[in-house]
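Quick notes on the structure that follows.
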Amino acid sequence: MLRLKATPFDQIKWQPGRRTLNKPAAAIAGSGATPYYFRGKSAPQTQYELIGKAVIAACVDAGIAVTEIDGLVSYAHGFEASNICEMLGIPELSYAATVTGQGGGSAGVLDLAASAIETGRARHVVCIGCSQQLGGHRYGTSLASLATTSTGVFSLFAGLVGPGPSMALLARRHMHKYGTRREAFAEVVMASRDYAQTMPEAIRKNPVTLDDYFAAPMLADPLCRLDFCLETDAALAFVVTGSDRARDLRHKPVYIEGAAHGGGGDWGRGFLSLNMPDDVFASAGSERVARQVYARAGVSAKDIDVALIYDHFSPLVVMQLEDYGFCPRGEGGRFVESGAIRPGGAIPVNPHGGHLSECYAIGMTHIREAVEQLRGTAVNQVPDARLALVTGGPAPVPVSAAILGN
Amino acid sequence: MISTAPAIADIPLPIDQWTQPFWSAACRCELVMPCCADCGTWRWPPGPFCPHCLSQAIAWQLAGPARLYSFAIVHRPGPTPADSPQAIVPGLVEFPEAGGMRIAAAIIDSKIDRIAIGSALSVRWVPKDETNVPMFVVV
């Protein structure tokens with residue numbers, strides 16, 4: 001069968017983002033959020049009410065009127081631009097787009113928003129993310145509904161009812177292949193909890209010791225309860241606009257230096273299909289997006305001052321640190337155990353406490369923290385932070401990443 | 001502790017034209033996997049195209065020996081408070097003679113401390129609807 005020849009991945013020249021006055025064309029001008037709630041505690045507010053509150057807060061933060069919004073971006077999580085327009089009286093949209101997939105797309109909303117700004121399709125794009133788990137709906141058992149398909153049913157018959165046991169398969173393989181220890185996963189959890197202690201809204205603030213970690217019940221061996229992120233409700237929104245416009249608004253602009261959403265076909269559905277090649281299996285499936293986002297921003301891992309790493313499960317933080325080039329493949333465990341992700345370490349990770357301790361809003365709290373770090377207003381401020389990396393996923397493709405700068 | 005089979009009685013079994021040959025063979029207690037009839041590339045899950053050459057022709061072949069690629073251990077309370085806790089072991093079963101393809105399947109009736117990456121496995125067919133679901137025991 002005829003097949004056109006593809007350019008080898010190594011030879012693709014990724015386009016840098018368009019720049020004006022040597023600054024990126026698009027910037028985040030406003031950041032808004034609802035309070036963070038434990039799973040289900042946001043009732044009786046609906047998901048749209050939470051979203052509305054976050055969007056209004058983001059516009060207030062930016063200093064624009066809600067009626068100035070002309071672009072809406074989200075990623076696949078069950079809400080529609082049409083409802084938001086009606087609810088908030090947005091008079092005219094010229095751009096509406098959704099990143100496909102699941103939690104992998106969170107940072108990808110910035111890629112879509114920047115695309116709209118760079119191409120003149122919209123002036124004020126609001127990026128939205130929301131998680132709400134009401135009634136019997138829990139992300140922890142989300143695969144039960146996903147997998148009742150002709151191919152997904154195998155996961156159910158295997159007992160893979162939630163993402164946790166599937167991630168455990170990846171984690172065990174990483175341990176087997178590279179000698180990664182549970183102490184490394186513990187360090188990700190302990191660092192997250194130490195950061196969260198000063199965060200006013202963090203859901204879990206009590207410190208965790210190594211003894212606490214090893215005493216926690218095993219939910220999906222080798223993962224214990226503390227390796228799983230929180231299940232929480234929250235909505236967050238961000239106003240993205242042109243850099244020139246952003247400089248006239250209330251806050252110092254946070255520039256979108258580069259953003260990307262995509263990934264390798266060999267990762268595909270990742271932990272849902274589990275047939276990735278062996279070298280990709282014990283990874284976070286983010287290596288290709290890492291290369292794309294660094295090329296777009298014209299920087300590399302060593303230039304990043306603070307990393308907001310999607311932490312639904314602690315082992316996947318270790319693997320993303322490898323994918324994003326902070327340490328060599330297979331060295332992630334030893335890297336975190338050396339104290340690298342702590343304050344003053346090689347790369348401070350999730351100074352807000354992340355999904356493991358502060359709040360799980362499917363990646364959006366990581367964008368909020370990046371904005372605050374780059375405005376210089378973060379609670380656990382990384383001194384002189386100039387460049388922040390935000391990641392989305394590991395999840396089915398597209399996974400995503402953004403590099404923000406001030 | 002011995003691993004327990006997950007409860008599968010209430011899980012619906014949707015079958016489409018691409019997975020139907022798998023379940024027909026499973027009915028005869030044969031584990032088969034799809035291999036491209038044109039270029040010989042194995043694939044899993046079964047689907048309408050060979051991801052290597054895009055052919056739609058499939059030759060279903062016996063999957064051959066199985067070994068454990070990775071696994072998790074999920075502890076659950078027993079069915080009643082009088083029962084002892086259970087360990088369910090979701091496994092990822094690799095077939096070296098079928099292109100290294102992997103199927104997610106439960107590891108059952110095996111001593112937990114004998115389950116390891118690389119363990120040789122043999123299939124146990126568990127009746128379900130009109131066919132059988134493959135589960136595996138450590139040899």
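Every chain is numbered from 1, with letters handed out A, B, ... down the list of sequences. Because the structure is a prediction, the values reported are computed rather than measured.
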Exercise. Contact part of R43(B) toward chain A, heavy-atom cut-off under 4.5 Å: side chain, backbone, both or neither?
Worked result: neither
For this session: Could you tell me the separation between the CG atom of L92(B) and the CG atom of L169(A), rounded to the nearest 0.5 Å?
Result: 6.0 Å
For this session: Indicate the atoms forming the closest heavy-atom contact of V74(B) with P165(A), along with that distance.
Result: CG2-CG, 4.1 Å
Exercise. Would a line drawn from the ring center of F157(A) to the ring center of W125(B) be shorter than 6.0 Å?
Worked result: no
Seminar exercise, completed: Value for CG (L156(A)) from CG (L13(B)), rounded to nearest 0.5 Å, stands at 10.5 Å
Exercise. In Å, rounded to the nearest 0.5 Å, how long is the span from OG of S70(B) to NE2 of H174(A)?
Worked result: 12.0 Å
Problem set entry | chain A contact via P6(B) - side chain, backbone, both or neither, heavy atoms under 4.5 Å | side chain
Seminar exercise, completed: Distance col, row I103(B):CD1 vs N275(A):CG, nearest 0.5 angstrom, shows 8.5 Å
For this session: For each of P277(A), P222(A), A220(A), tally heavy-atom pairs with chain B at distances under 4.5 Å, and name the one with the top tally.
Result: A220(A)
Exercise. Taking V89(B), I11(B), I88(B) one by one, which has the highest count of heavy-atom pairs under 4.5 Å against chain A?
Worked result: I11(B)
Problem set entry | Contacting region of W23(B) [heavy-atom separation from chain A under 4.5 Å] | side chain
Problem set entry | Least distance between heavy atoms, L274(A) atom then A104(B) atom | CD1-CB, 4.4 Å
For this session: Considering only heavy atoms and a distance below 4.5 Å, find which of K128(B), M135(B), M101(B) pairs most often with chain A.
Result: M101(B)
Exercise. Are any non-hydrogen side-chain atoms of M218(A) and I73(B) less than 4.5 angstrom apart?
Worked result: no
For this session: Check whether any side-chain N or O of R173(A) sits under 3.5 Å from a backbone N or O of I117(B) as a donor-acceptor pair, and report yes or no.
Result: no
For this session: Can you measure from OH (Y69(B)) to CG (D278(A)) and round to the nearest 0.5 angstrom?
Result: 3.5 Å
Seminar exercise, completed: Counting heavy-atom pairs under 4.5 Å with chain A, the top scorer among P90(B), A72(B), P134(B) is P90(B)
Exercise. Would you say Q61(B) has more than 12 foreign heavy atoms packed within less than 6.0 Å of its CD?
Worked result: yes
Exercise. If you round to the nearest 0.5 Å, how far is CG of D16(B) from OG1 of T151(A)?
Worked result: 7.5 Å
